[in-house]
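Quick notes on the structure that follows.
Just so we're clear, the structure is a prediction, and the values are computed from it rather than from any experiment.
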Amino acid sequence: MNKKIGNIFKGDKVIWMVFFFLCMISIVEVFSASSNLTYKSQNYIGPIAFHTVTIIIGAMAAVITLNIPCRYFKLMTPFLLIISGLTLLWVLIGGESINGANRVISLPGGVTFQPSEIAKGTMVLITAQILSAMQREDGADKKAFKYILCIVLPTAALIGIENLSTAALLFAVIFLMMFIGRVPLTQMAKLVGIAAVLIAIFLTMVFTLGSIGASEENKQTVEAVQDGGATDTKVIKGGGVFHRFVTWRNRIVKHIDKKEIAPEDYDLDKDAQVAHANIAIVSSNIIGKGPGQSVERDFLSQAFSDFIYAIVIEELGILGAAFVVLLYIVLLYRAARIASRCENNFPAFLVMGLALLLVIQATFNMLVAVGIAPVTGQPLPLISKGGTSTIINCAYIGVILSVSRSAKKRPEKIAV
């Protein structure tokens, strides 16, 4: 029996333990945070049953992936690149809108598919291949930098049109991979300089076009009221082509505006997510209210997704929140250990890229939940409720486990 279980759970045991704890925390906290979904559907088992099935499918995806020798991942690159490109174009043209942005593709049977999740892993895979193929004794060949940007930038642009935070996350991961892959520092410095200029131009556009879009939105709202029509934000598509600029501008302004507001003057309708996340954190009383005892889950929008870390703090306290952080730190540490033991560069770069992808996204999510970063809409990997993202993140864990199991190991040096 033990041998059969060992054959299933192959690979790094610490990674498996981290994966197990993250999945268990996910099931408990999503069940607690899905109160709005259960109330609307009048089905108290449905949402958590769906999420549990998703976790199980994800675990199966991890087991299947870990049994694929890491050298075969290279063969998947052309197919994944084609799929990523086509689906990203598809979601822009005919995707389903979530929170004001086209992010998912609806499939038969009520299933939704998020192309950016596959695109992120594909870019990591391609970057790992380029860096490994163009390694020299003194670092990566200068051409590697150009090849990586020629592939990553168009993909990031397609993602960023409707999901800027995901594009920024992807670019940050690729940048760190190039640093780890010893891309010449002069090229990295130039990239940082160009990025700084582009960010400045982008922020100028956001504040300019976002203001125009906000004015158009207000105008439509006034006209709707004058006509006696509904003022529901779902009906009024404010800003026309500027709709995402309005969202980005509002998020930045709200985050940098540190002006003290009296409790009676605070607008809970406009800033409901941030307000209720803060209430959840403060009301945890350090030790937490206990699993399933959250109060703010009934008021906090996306409590089961973008702001689930606030619910974790409210229910499990500071120690529970710190334990979640520790799990992601251990995941990154073990990935680094696995990478350091790989004799070949490709599996080492791949495992580090995927670990960075998961951990940086988790960091963004937690910083948003505690109010340090502006709202980005990034879920907490392997904990937040999700369909495509959960299964694909589990597959990423499977790839890391595959590298730990099948990658050729560097010979250990024997101390004399």
Side-chain angles (χ1 to χ4, degrees), residues 21-52 54-55 98-99 232-234 250-251 254-255 257-258 260-328 362-386 390:
F21 279 119
L22 287 173
C23 289
M24 291 301 101
I25 292 171
S26 175
I27 291 173
V28 172
E29 293 305 316
V30 168
F31 179 59
S32 177
S34 298
S35 59
N36 278 332
L37 296 178
T38 57
Y39 177 76
K40 290 176 182 177
S41 65
Q42 292 298 303
N43 184 350
Y44 296 94
I45 301 298
I48 188 58
F50 176 82
H51 182 64
T52 302
T54 303
I55 291 285
I98 295 180
N99 297 328
D232 192 340
T233 54
K234 292 180 181 178
N250 290 342
R251 286 177 176 178
K254 286 178 183 178
H255 183 70
D257 185 8
K258 299 300 181 182
E260 290 290 335
I261 302 174
E264 62 271 16
D265 296 330
Y266 199 92
D267 192 337
L268 277 176
D269 292 325
K270 280 187 178 180
D271 302 310
Q273 280 188 313
V274 175
H276 287 296
N278 290 339
I279 294 170
I281 293 169
V282 172
S283 63
S284 67
N285 293 323
I286 300 178
I287 60 173
K289 296 177 179 177
Q293 301 301 312
S294 170
V295 174
E296 294 307 309
R297 65 189 176 188
D298 297 328
F299 308 99
L300 180 56
S301 175
Q302 299 296 316
F304 50 81
S305 180
D306 301 351
F307 282 86
I308 196 167
Y309 191 62
I311 304 301
V312 170
I313 297 174
E314 183 184 10
E315 294 191 347
L316 304 182
I318 300 300
L319 288 179
F323 180 67
V324 172
V325 174
L326 179 63
L327 289 175
Y328 288 110
T363 303
F364 268 111
N365 175 279
M366 292 185 283
L367 290 177
V368 169
V370 299
I372 295 176
V375 178
T376 60
Q378 290 296 323
L380 189 57
L382 302 171
I383 292 184
S384 291
K385 183 179 183 297
T390 298

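Listed for the Y309 side chain is no donor-acceptor partner under 3.5 Å among the backbone atoms of V368. Under the 3.5 Å distance criterion, the side-chain polar atoms of S283 are matched with a main-chain donor or acceptor of A280. With hydrogens and angles disregarded, no donor-acceptor distance shorter than 3.5 Å links the side chain of S284 to the backbone of E314. Using modelled atom types, no side-chain atom of S26 and backbone atom of L22 make a donor-acceptor pair closer than 3.5 Å. Formation of a donor-acceptor pair under 3.5 Å by the E315 side chain with backbone atoms of S294 is found in this model. Between the side chain of N365 and the backbone N or O of D306, at least one donor-acceptor pair lies under 3.5 Å.
The distance from the CE atom of M24 to the CD1 atom of I55 is 7.5 Å, given to the nearest 0.5 Å. Here F50 contributes atom CZ and T54 contributes atom OG1; the two are 4.0 Å apart, rounded to the nearest 0.5 Å. In this structure, CD1 on I27 lies 4.5 Å from OG1 on T52, to the nearest 0.5 angstrom. Annotation: the span from K289 atom NZ to E296 atom CD amounts to 6.5 Å, rounded to 0.5 Å. One distance of note links CD1 of I25 with CZ of F323; it measures 5.5 Å at 0.5 Å rounding. Once rounded to the nearest 0.5 Å, the distance linking CD of Q293 with CG of L316 reads 11.5 Å.
Across all their heavy atoms, I281 and A369 have their closest contact at CD1-O, 3.3 Å. Annotation for L382 and T390: closest pair CD2-O, 4.5 Å, computed over non-hydrogen atoms.
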Going through the distances and angles, do I308 and K385 end up as a side chain to side chain contact (heavy atoms under 4.5 Å, CB included)?
CA-CA 9 Å; I308 196 167; K385 183 179 183 297; over 6 Å; no
For Y328 and M366: C-alpha separation, side-chain torsions, deciding distance, then whether side chain to side chain contact (heavy atoms under 4.5 Å, CB included) applies.
CA-CA 11 Å; Y328 288 110; M366 292 185 283; 4.2 Å; yes
Residues I313, V370; criterion side chain to side chain contact (heavy atoms under 4.5 Å, CB included); working and verdict:
CA-CA 9 Å; I313 297 174; V370 299; 4.0 Å; yes
